[in-house]
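Accompanying notes for the structure given below.
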Amino acid sequence: MTRQGCHACGLAEADVERICTDLGVPWSAEDVDEDPELRAEYGDRVPVILIDDVEHGYWKVEEDRLRTALA
C-alpha cells in the first residue's frame, strides 16, 4: 500500500521491486487514496507491505525479513 507523493513509499517501492526482481516474485503497488476502505485501514501507516493479503510490515522494508517471507 502506497500513496502518491510519499517519500517513504517511493523508497519502499524501490526496495520491494529490487527484492522481488531478485527472487522472481511478482509484486504490485496500490494507492490507498484510491479506495476509502484502504485509506481507512492503511492510510496512516503507509507504506504498508502485504504478502498474500496479510500485513507483513509498514513504514520501511526490513530486507532480510521480507526475503525470508518470500522465499
Side-chain angles (χ1 to χ4, degrees):
M1 298 293 135
T2 189
R3 168 176 283 132
Q4 289 288 337
C6 168
H7 178 72
C9 296
L11 295 174
E13 284 183 54
D15 287 342
V16 170
E17 180 176 23
R18 178 178 47 78
I19 293 164
C20 287
T21 298
D22 286 351
L23 298 175
V25 175
W27 75 281
S28 64
E30 190 163 352
D31 189 330
V32 296
D33 295 324
E34 298 282 320
D35 181 310
E37 289 181 23
L38 294 178
R39 185 174 44 247
E41 178 70 24
Y42 303 111
D44 62 340
R45 296 180 284 135
V46 293
V48 177
I49 298 168
L50 305 177
I51 299 176
D52 296 327
D53 295 324
V54 175
E55 190 171 319
H56 174 76
Y58 57 94
W59 290 338
K60 64 178 183 167
V61 175
E62 296 176 53
E63 184 165 347
D64 291 339
R65 188 167 169 259
L66 180 59
R67 284 183 177 275
T68 299
L70 294 174

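Treat the numbers as computed from the prediction; the structure is a model and nothing was measured.
For Asp64, the CG atom counts as loosely surrounded, since its 6.0 Å shell holds 12 or fewer non-hydrogen atoms of other residues, nucleotides or ligands.
The nearest pair of heavy atoms linking Glu55 to Tyr42 is OE1-CE2, 3.7 Å. Contact detail for Gly43 and Val32: the closest heavy-atom pair is CA-CG2, 4.2 Å. Listed here is the closest heavy atom pair of Cys9 and Arg3: SG-N, 3.6 Å. Residues Ala12 and Pro47 approach most closely at CB-CG, 3.6 Å, considering heavy atoms.
One finds a salt bridge joining Asp15 and Arg18 here, because a Lys/Arg side-chain nitrogen approaches an Asp/Glu carboxylate oxygen to under 4.0 Å.
Glu34 CD to Met1 CE: the interatomic distance, rounded to the nearest 0.5 Å, is 11.5 Å. Put simply, OG on Ser28 and CD on Glu13 are 10.0 Å apart, with the number rounded to the nearest 0.5 Å.
Considering only residues two or more places apart in sequence or on other chains, Glu30 meets the side-chain hydrogen bond (donor to acceptor under 3.5 Å, both in side chains) condition with none of them. Asp44 meets the salt bridge (Lys or Arg N to Asp or Glu O under 4.0 Å) test with no other residue; sequence neighbours excluded.
Of the possible donor and acceptor atoms, one in the side chain of Asp35 sits under 3.5 Å from a partner among the backbone N and O of Glu37.
In the hydrophobic clustering, where aliphatic and aromatic side chains (Ile, Leu, Val, Met, Phe, Trp, Tyr) are joined below 4.5 Å either directly or transitively, Val25 groups with Val16, Ile19, Leu23, Trp27, Ile49, Ile51, Val61, Leu66, Leu70.
Leu11 and Tyr58 end up in different hydrophobic clusters when Ile, Leu, Val, Met, Phe, Trp and Tyr side chains are linked at under 4.5 Å.
Of the candidates Lys60, Arg67, Arg65, Glu63 forms a salt bridge (Lys or Arg N to Asp or Glu O under 4.0 Å) with just one, namely Arg67.
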